[in-house]
Amino acid sequence: MRPVVFRDADEAVADIPDGATILVGGFGTAGQPQELIDALRRHGARDLTIVSNNAGNGDTGLAALLAAGQVRRIVCSFPRQTDSWVFDRLYRAGEIELELVPQGTLAERIRAAGAGIGAFYCPTGVGTMLAEGKEVRTINGRDYVLEYPLHGDFALIKALHADVAGNLVYRKTARNFGPVMATAAACTIVQVASVGDLGTIDPEEVVTPGIYVDRVVPIEPAEPGVAA
Amino acid sequence: MRTVEHADRGPLTREELARLVAADIPHGSYVNLGIGQPTTVADYLDPAADITLHTENGMLGMGPTAQGADRDPDLINAGKIPVTELPGASYFHHADSFAMMRGGHIDVCVLGAFQVSQDGDLANWHTGEADAIPSVGGAMDLATGARNVFVMMSLFTKKGEPKLVPACTYPLTGRRCVTRLFTDYGVFLPGPDGVRVRETYGITFADLADRLAVPLLALVPTG
């Protein structure tokens, strides 16, 4: 279905139910859709599963969602950072579940979900504690671990610019997980610095085709010259 | 090639070690430098060596750390430090970035380590302590996927225990993946029949063999 442009982040996330699995873009704060996450926090959905590379930085964005007690489980590759005190406290108190996934396996599991792949054999992690309990198969003399796709009910991502067809371009390393997460959720919600008419993006430069995008929310960048 | 002993000097400083690793990276390579000490290798790469740096958060052609007004929150490295882009740089998403690793397109990665075993197992992501918060990031993907896995570390812990060991006691990052080990006391080539010593610094081969519990093999000239 063609995407819908929302003028208000709160309206764009208003139907996210308790218990939803949500793919959240970003690598640290680069590409993190902070205003959409803030809207989700205000909306108040609870018992969420969050799939994201990190587990929040400082006290804003994803960290604030965790601090509000809305997240039951997080699937990520790198929760521990110098400014991950919110996650650290919840984890040590047993108040959040963690599924730790190697970063490339996390990206590929999301990609597989968006591409209709049932499962895949991956060499990463063979012989380590992150492969414990998983099927291992030897193919052409090399061992691989069976990994399953990671689907989202919703994806919250950030891009630089969209057109009204939902085509997206990103900015520098803020692209990170956005393009794969956009493909892997039943409903993909994108915050962008600007939305243009059809034809404002050169088709050769589209990174995420609009077929993957359900909702677009234009949000003015907080600082002049810096993408929102 | 034969084992070269540099016993008439001290062990390598961290800067000398970074310089040695940099000099060992083949011209024209695509290289991923891990977070921490490996990042400093970039400071010693010869600009004429035509080396392209990969950062797993989605960029090839990464330039030096950004300063002042050039700092851009959308342009960071894997350690989340603001960096710059060089002419010819490219951006791509995370699944592509890690396909480059697993697919064998990254020539060399340089990683730090808690321990390396004699046959090249790597432990560098988790201390295994009960209250530690495990974080793996891209360490396992790099260890498994890069064509050559260089490790740089001190050879001994602060308590004097060897970090080149018969078998890792810390949780593994990857099995039999380390191709070259650079330490303050020497450069080692792990393998199934023992660890070849390419060169030593501040110690003789014989003294090194005394201090380590792994079988050391001297390189002998061939041909």
Side-chain angles (χ1 to χ4, degrees), chain A residues 25 27-31 53-55 57 76-82 84 87-88 91-92 98 100-112 114-115 122-131 143 160 170-183 207-208 223 225-227, chain B residues 35 55-59 62 69 71-85 89-104 121-123 125-126 128 130-145 168 170-177:
Chain A
F27 183 85
T29 54
N53 188 61
N54 302 107
N57 304 79
C76 74
S77 88
F78 207 78
R80 187 195 65 233
Q81 302 166 92
T82 53
S84 63
F87 172 82
D88 296 0
Y91 182 76
R92 291 206 162 105
L98 169 66
L100 191 70
V101 182
Q103 198 171 132
T105 301
L106 183 67
E108 192 65 15
R109 287 176 64 190
I110 297 166
R111 198 198 69 81
C122 180
T124 308
V126 168
T128 74
M129 58 190 264
L130 295 189
D143 289 346
L160 176 64
Y170 298 81
R171 187 165 181 275
K172 302 184 185 289
T173 58
R175 179 183 306 195
N176 57 66
F177 282 88
V180 283
M181 286 182 170
T183 69
V207 176
T208 293
E223 298 170 49
V226 177
Chain B
I35 297 171
T55 182
E56 58 260 40
N57 54 314
M59 181 186 194
M62 178 174 65
R71 295 164 66 93
D72 179 337
D74 285 345
L75 179 46
I76 59 175
N77 66 13
K80 306 191 174 73
I81 306 295
V83 292
T84 51
E85 66 184 32
S90 55
Y91 297 108
F92 34 85
H93 64 65
H94 248 81
D96 275 352
S97 186
F98 284 80
M100 288 175 194
M101 292 181 201
R102 271 188 255 98
D121 289 355
L122 171 65
W125 72 282
H126 191 8
D131 69 336
I133 294 174
S135 282
V136 68
M140 287 187 182
D141 311 271
L142 280 165
T144 305
C168 294
Y170 286 103
L172 287 189
T173 307
R175 288 191 313 201
R176 298 190 180 96
C177 57

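Proteins come first, then strands; the chains are lettered A, B, ... in the order of their sequence lines, and each starts at number 1.
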Quiz prompt | Which portion of A:Cys76 sits near chain B, non-hydrogen atoms under 4.5 angstrom | solution = neither
Practice problem: Kindly indicate, with the supporting measurements, whether the criterion side chain to side chain contact (heavy atoms under 4.5 Å, CB included) is fulfilled by B:Lys80 and A:Gln81. | Solution: CA-CA 10 Å; B:Lys80 306 191 174 73; A:Gln81 302 166 92; 3.2 Å; yes
Quiz prompt | chain B contact via A:Ser84 - side chain, backbone, both or neither, heavy atoms under 4.5 Å | solution = neither
Quiz item: When only pairs under 4.5 Å are counted, which of B:Gly58, B:Gly137, B:Ala143 shares the most heavy-atom pairs with chain A?
Solution: B:Gly137
Exercise. First locate atom CG of B:Asp74, then atom CZ of A:Phe27, and finally report the distance between them rounded to the nearest 0.5 Å.
Key: 13.5 Å
Quiz prompt | Region of A:Ile110 that comes under 4.5 Å of a non-hydrogen atom in chain B | solution = neither
Self-check item: Region of B:Asp96 that comes under 4.5 Å of a non-hydrogen atom in chain A
Solution: neither
Quiz item: Any idea which of A:Gly31, A:Ala30, A:Pro102, A:Gly127 has the most non-hydrogen atom pairs under 4.5 angstrom with chain B?
Solution: A:Pro102
Quiz item: If you draw a 6.0 Å radius around CZ in B:Arg176, do more than 12 non-hydrogen atoms from other residues or ligands fall strictly inside?
Solution: no
Quiz item: What distance do A:Ser77 atom OG and B:Asp141 atom CG have between them, rounded to the nearest 0.5 Å?
Solution: 8.0 Å
Quiz item: Going through the distances and angles, do A:Leu130 and B:Trp125 end up as a side chain to side chain contact (heavy atoms under 4.5 Å, CB included)?
Solution: CA-CA 11 Å; A:Leu130 295 189; B:Trp125 72 282; 4.0 Å; yes
Quiz prompt | Student check: side-chain heavy atoms of A:Leu106 and B:Phe98 closer than 4.5 Å | solution = no
Quiz item: Mind checking whether A:Tyr170 and B:His93 have ring centres under 6.0 Å apart?
Solution: no
Practice problem: Give the minimum heavy-atom separation between B:Gly138 and A:Gln103, together with the two atoms involved. | Solution: N-NE2, 3.5 Å
Self-check item: Top of B:Leu75, B:Leu172, B:Thr55, B:Asn57 for chain A proximity - count of heavy-atom pairs under 4.5 angstrom
Solution: B:Asn57
Quiz prompt | Shortest non-hydrogen contact between A:Thr124 and B:Thr144, atoms and distance | solution = CA-OG1, 3.8 Å
Quiz item: At their closest point, which heavy atom of B:Ile133 faces which heavy atom of A:Arg80, and how far apart are they?
Solution: O-NH1, 2.9 Å
Self-check item: Per-residue contact mode, B:Ser90 against chain A (heavy atom under 4.5 angstrom)
Solution: neither
Self-check item: 4.5 Å side-chain heavy-atom contact, B:Ile76 and A:Lys172
Solution: no
Quiz prompt | Contact leader toward chain B among A:Thr173, A:Leu100, A:Asp88, A:Thr105, where contacts are heavy-atom pairs under 4.5 Å | solution = A:Thr173
Quiz item: Given side chains that start at C-beta, do those of A:Phe78 and B:Pro134 come closer than 4.5 Å, heavy atoms only?
Solution: no
Exercise. Kindly indicate, with the supporting measurements, whether the criterion side chain to side chain contact (heavy atoms under 4.5 Å, CB included) is fulfilled by A:Arg175 and B:His94.
Key: CA-CA 8 Å; A:Arg175 179 183 306 195; B:His94 248 81; over 6 Å; no
Self-check item: B:Thr173 and A:Thr128, any side-chain heavy atoms less than 4.5 Å apart
Solution: no
Quiz item: Can you name the nearest heavy-atom pair linking B:Asp131 to A:Arg92, along with the distance?
Solution: O-NH2, 2.9 Å
Quiz prompt | Nearest-0.5 Å distance that lies between atom CZ in A:Phe177 and atom OG in B:Ser97 | solution = 9.5 Å
Self-check item: A:Val207, part contacting chain B, at a heavy-atom distance under 4.5 Å
Solution: neither
Quiz item: Any side-chain heavy atom of A:Arg171 within less than 4.5 Å of one from B:Tyr91?
Solution: no
Quiz item: Got B:Pro73 and A:Thr29 here, is their nearest side-chain heavy-atom distance under 4.5 Å?
Solution: no
